[in-house]
Amino acid sequence: MYIITEGGPRALDLNFTKVVSERSGQEIEACYQCQKCASGCPIAEYGDMDTNQVLRMIQFGLKDEVLKSKAIWICVGCETCGARCPNGIRIAAVMDTLREMAIEEGVTPAEKDIYLFHQCFLDSVKSHGRVHEGTMLMRYKLKSGHLMDDVGVGLKMFLKGKLALFPHSVPSKTEVRRIFDWAKKK
C-alpha cells in the first residue's frame, strides 16, 4: 500500500507495528504522542527525528523511512525516554530492534561509520567483559581512518584520568561471552 505525500508516494508496511512490537517486546500502539520521551532525550538535537516521531512512523507503517533514519543509530540506549514514558514503552529496546532489522535488510545506516562504531564497542565488551574506551576508540579510529579526529579531546581526557591506559576485565568474562553466544543464536 502507498500514500501520496508532498515528497511523492511512500510505501506502507501494515505489519511493521506488529513486527516491531513483537520483536522488541514493547507495545508501540500505546504511544499517544505526549512527547515526554523526546523532551528528555540527550541526543535529540543530533538526530533527524525525535523518538516520538520514530514511534509514530512505526505506527503508520513507514518502515523504509524509519530503517533509513539517523535517529535509530545515534540512540545511546540511556533509557531516559523509557523512564519518562507514561505507558512504560522502553524506546531503547525499540531502537535496538530497528537497528537489527536495518542490518538484516541490508539498509546502509544514515550516519557514516556508526555501524563500525557499534561493532568496535561490542568487540570491546566481548573481549573485556566491559567497554575499554582506549582500545575501542583506537580500533575504531584505525578501521574508520579518522586517526586524528578528536585527538585533543582524547588527550585531555587521558590527562584527567578519564581514559584508562590498560583495560580492566570483569571477573565473569565467560558469562559475558555466553550472553553474546546466546544473542547470536537468536
Side-chain angles (χ1 to χ4, degrees), residues 5-13 16 19-20 23-24 26 28 35 37-82 90-128 130-158 160 162-164 167 180 183-184 186:
T5 65
E6 288 179 19
R10 294 167 99 171
L12 298 179
D13 182 338
F16 190 47
V19 170
V20 174
R23 287 182 65 167
S24 67
Q26 303 305 305
I28 309 281
Q35 299 181 5
C37 57
S39 66
C41 181
I43 54 91
E45 66 185 278
Y46 304 106
D48 51 357
M49 64 181 82
D50 290 333
T51 49
N52 66 295
Q53 291 171 314
V54 171
L55 292 179
R56 181 57 95 202
M57 291 178 84
I58 294 169
Q59 290 172 338
F60 285 161
L62 296 168
K63 179 180 179 180
D64 292 339
E65 286 85 346
V66 172
L67 295 185
K68 291 177 182 174
S69 76
K70 187 177 176 180
I72 68 172
W73 289 101
I74 64 169
C75 171
V76 295
C78 68
E79 296 282 358
T80 301
C81 51
R90 291 186 48 245
I91 300 168
V94 174
M95 296 297 199
D96 285 340
T97 298
L98 295 171
R99 285 190 292 264
E100 288 171 7
M101 292 174 75
I103 291 166
E104 289 167 8
E105 297 193 17
V107 176
T108 303
E111 185 69 16
K112 187 178 183 322
D113 294 329
I114 195 77
Y115 181 68
L116 175 61
F117 184 85
H118 279 264
Q119 284 305 123
C120 292
F121 180 90
L122 290 173
D123 289 345
S124 180
V125 173
K126 191 174 184 179
S127 296
H128 307 294
R130 62 180 299 270
V131 70
H132 176 249
E133 293 87 354
T135 55
M136 181 207 61
L137 288 172
M138 285 306 294
R139 186 176 291 141
Y140 170 73
K141 297 289 185 183
L142 289 170
K143 288 184 175 188
S144 68
H146 304 298
L147 296 173
M148 302 310 282
D149 294 359
D150 307 324
V151 119
V153 174
L155 183 59
K156 285 179 187 176
M157 289 177 70
F158 177 73
K160 288 184 176 187
K162 302 293 182 184
L163 287 176
F180 274 90
K184 198 171 240 178
K186 288 213 148 224

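This one's a predicted model, so the numbers in the text were calculated from it and none came from an experiment.
Note: Met95 CE to Ile74 CD1 = 8.5 Å, rounded to the nearest 0.5 Å. The CG atom of Leu12 sits 10.0 Å away from the CG atom of Asp64 when rounded to the nearest 0.5 Å. The CG atom of Leu98 lies 14.5 Å from the NZ atom of Lys68; values are rounded to the nearest 0.5 Å. To the nearest 0.5 Å, atom CG of residue Leu142 and atom CG of residue Leu116 are 10.5 Å apart. To the nearest 0.5 Å, atom OG of residue Ser127 and atom CE of residue Met136 are 12.5 Å apart. Here Ile114 contributes atom CD1 and Ser144 contributes atom OG; the two are 11.0 Å apart, rounded to the nearest 0.5 Å.
Classification of the His146-Tyr140 ring pair by plane angle, with boundaries at 30° and 60°, yields tilted.
Ion pairing between a basic and an acidic side chain is recognised when a charged N comes within 4.0 Å of a carboxylate O; Lys141 and Asp150 show such pairing. Between Arg99 and Asp96, at least one side-chain N (NZ, or NE/NH1/NH2) sits under 4.0 Å from a carboxylate O, which counts as a salt bridge.
The closest donor-acceptor contact from the side chain of His132 to the backbone of Thr135 lies under 3.5 Å. Although no hydrogens or angles enter the test, the distance criterion places a donor-acceptor pair under 3.5 Å between the side chain of Asp48 and the main chain of Ala71. Here the side chain of Lys70 pairs a donor or acceptor atom with the backbone of Tyr46 at under 3.5 angstrom. Checked by atom type and distance alone, the side chain of Glu105 never pairs as donor or acceptor with a backbone atom of Ala102 at under 3.5 Å.
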Inset, instruction - Carefully, step by step, assess Arg139 and Asp123 under the rule side-chain contact (heavy atoms from CB on, under 4.5 Å). - result: CA-CA 10 Å; Arg139 186 176 291 141; Asp123 289 345; 3.5 Å; yes

Inset, instruction - Could you walk me through whether Ile91 and Val54 pass the side-chain contact (heavy atoms from CB on, under 4.5 Å) test, one step at a time? - result: CA-CA 9 Å; Ile91 300 168; Val54 171; over 6 Å; no

Legend entry - Worked check of salt bridge (charged side-chain N to carboxylate O under 4.0 Å, His left out) between Lys162 and Glu133: CA-CA 9 Å; Lys162 302 293 182 184; Glu133 293 87 354; over 6 Å; no

Inset, instruction - With side-chain contact (heavy atoms from CB on, under 4.5 Å) as the test, would you mind laying out the steps for Phe180 and Val125 before giving the verdict? - result: CA-CA 10 Å; Phe180 274 90; Val125 173; 3.9 Å; yes

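Annotation: side chain of Trp73 is not in contact with side chain of Phe117 (no heavy-atom distance under 4.5 Å). Between Val20 and Met101, some side-chain heavy-atom pair lies under the 4.5 Å cut-off. For the pair Lys126 and Leu122, the minimum side-chain heavy-atom distance is 4.5 Å or more. In this structure, the side chains of Leu62 and Phe16 stay at 4.5 Å or more apart for every pair of heavy atoms. You'll find the side chain of Val19 stays beyond 4.5 Å of the side chain of Thr97, heavy atoms only.
Looking at Arg56 and Gln59, their side chains do bring a donor and an acceptor atom within 3.5 Å of each other.
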